[in-house]
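Remember, predicted model here, so these are calculated numbers, not experimental data.
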Amino acid sequence: QVQLVESGGGSVQAGGSLRLSCAASGRTFSNYAMGWFRRAPGKVREFVAGIRATGGSTHYANSMKGRFTISRDNAKSTVYLQMNSLKPEDTAVYYCAATSRLGVRSEAYEYDYWGQGTQVTVSS
């Protein structure tokens with residue numbers, strides 16, 4: 001089992017920034033590719049960003065490219081999501097997830113473990 005705990009959510013004005021963190025425990029963190037997803041009110045869960053187990057290779061949803069950056073620190077068993085130039089449409093609950101599959105994964109069904117989520121609210 002892998003336990004994931006997100007933090008860093010909150011309320012921010014449009015154009016602002018937030019940095020989400022996801023701390024993992026339970027298994028060897030560097031064996032897992034990580035991803036961030038989000039679910040906005042009334043919408044389905046969507047992929048935000050992913051990073052391979054050893055880092056170095058990332059993938060973003062088109063609407064996040066250039067604004068969001070995913071990174072990881074395997075020594076700290078933590079994955080991050082730096083979010084800049086936030087927009088009201090970025091308002092959602094953000095979840096981190098872990099998968100033992102190789103490479104960078106962008107589909108929710110490919111992930112084995114999920115955190116409880118952290119709320120991000122962007123006001124105009």
Side-chain angles (χ1 to χ4, degrees):
Q1 290 286 341
V2 176
Q3 291 78 43
L4 302 171
V5 180
E6 302 96 335
S7 61
S11 297
V12 64
Q13 289 192 328
S17 298
L18 282 174
R19 188 195 196 201
L20 305 183
S21 299
C22 173
S25 62
R27 294 280 180 89
T28 303
F29 182 68
S30 59
N31 288 343
Y32 292 86
M34 300 297 295
W36 285 97
F37 291 77
R38 71 185 186 185
R39 177 173 284 159
K43 296 187 177 180
V44 299
R45 180 172 51 189
E46 65 173 337
F47 172 76
V48 173
I51 187 167
R52 64 184 296 178
T54 55
S57 180
T58 59
H59 178 61
Y60 298 90
N62 286 336
S63 61
M64 288 69 162
K65 287 181 180 178
R67 299 191 300 125
F68 291 9
T69 303
I70 187 172
S71 62
R72 65 189 295 158
D73 185 337
N74 285 348
K76 296 183 178 179
S77 298
T78 301
V79 63
Y80 305 97
L81 184 68
Q82 177 67 44
M83 305 186 295
N84 299 327
S85 302
L86 283 163
K87 306 174 182 180
E89 51 263 43
D90 293 319
T91 295
V93 177
Y94 284 72
Y95 300 88
C96 71
T99 176
S100 57
R101 292 173 170 85
L102 298 177
V104 183
R105 301 291 174 168
S106 60
E107 299 292 338
Y109 74 85
E110 297 178 299
Y111 285 83
D112 307 304
Y113 303 101
W114 293 83
Q116 82 290 346
T118 186
Q119 176 71 47
V120 171
T121 302
V122 184
S123 58
S124 57

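Side-chain contact between F47 and H59 is present, with at least one heavy-atom pair separated by less than 4.5 Å. Counting heavy atoms from C-beta on, the side chains of T58 and V104 never come closer than 4.5 Å. Two residues are said to be in side-chain contact when any heavy atoms from C-beta on lie closer than 4.5 Å; M83 and V12 fail this criterion. Using a 4.5 Å heavy-atom threshold, the side chains of T91 and Q119 count as touching.
Among all heavy-atom pairs drawn from R101 and Y111, the shortest one is NH1-N, 4.2 Å. Among all heavy-atom pairs drawn from A33 and G103, the shortest one is CB-O, 3.3 Å. Of all the heavy atoms in P88 and S123, the pair that sits closest is CG-C, 4.5 Å.
Interatomic distance, CD of Q82 versus CG of L20, reported as 8.5 Å (0.5 Å rounding). For the atom pair N74 CG and T28 OG1, the distance stands at 10.0 Å (nearest 0.5 Å). Atom SG in C22 sits 7.0 Å away from atom CZ in F29 (nearest 0.5 Å). With rounding to the nearest 0.5 Å, the separation of OG in S85 from CZ in F68 is 9.0 Å. A distance of 11.5 Å separates OG of S77 from CD of Q3, quoted to the nearest 0.5 Å. For the atom pair CH2 of W36 and CE of M64, the computed distance is 12.5 Å after rounding to the nearest 0.5 Å.
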- Query: Y94 and E6: side-chain contact (heavy atoms from CB on, under 4.5 Å), yes or no, with the steps?
  - Reply: CA-CA 8 Å; Y94 284 72; E6 302 96 335; over 6 Å; no
- Do R67 and D90 pass the side-chain contact (heavy atoms from CB on, under 4.5 Å) test, and can you show the C-alpha distance, the side-chain angles, and the key distance before you say yes or no? CA-CA 11 Å; R67 299 191 300 125; D90 293 319; 2.7 Å; yes
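Residues F37 and M34 do not share a hydrophobic cluster, defined by chaining ILVMFWY side chains whose heavy atoms lie under 4.5 Å apart. The cluster map of Ile, Leu, Val, Met, Phe, Trp and Tyr, joined by side-chain heavy atoms under 4.5 Å apart, puts V93 and L4 in different clusters. Under the 4.5 Å side-chain heavy-atom criterion for ILVMFWY residues, a single connected hydrophobic cluster contains both V122 and L18. A chain of hydrophobic side-chain contacts below 4.5 Å, direct or via other Ile, Leu, Val, Met, Phe, Trp or Tyr residues, connects L81 to Y113.
Remark: R19 is positioned above the aromatic ring of Y80, its terminal NZ or CZ atom under 6.0 angstrom from the ring centre and at most 45 degrees off the axis.
A donor-acceptor pair under 3.5 Å is absent between the side-chain atoms of R105 and the main chain of G50, judged by distance alone.
Sorted by first and then second residue, the salt bridge (Lys or Arg N to Asp or Glu O under 4.0 Å) pairs involving residues 43-52 (not counting sequence neighbours) are R38-E46.
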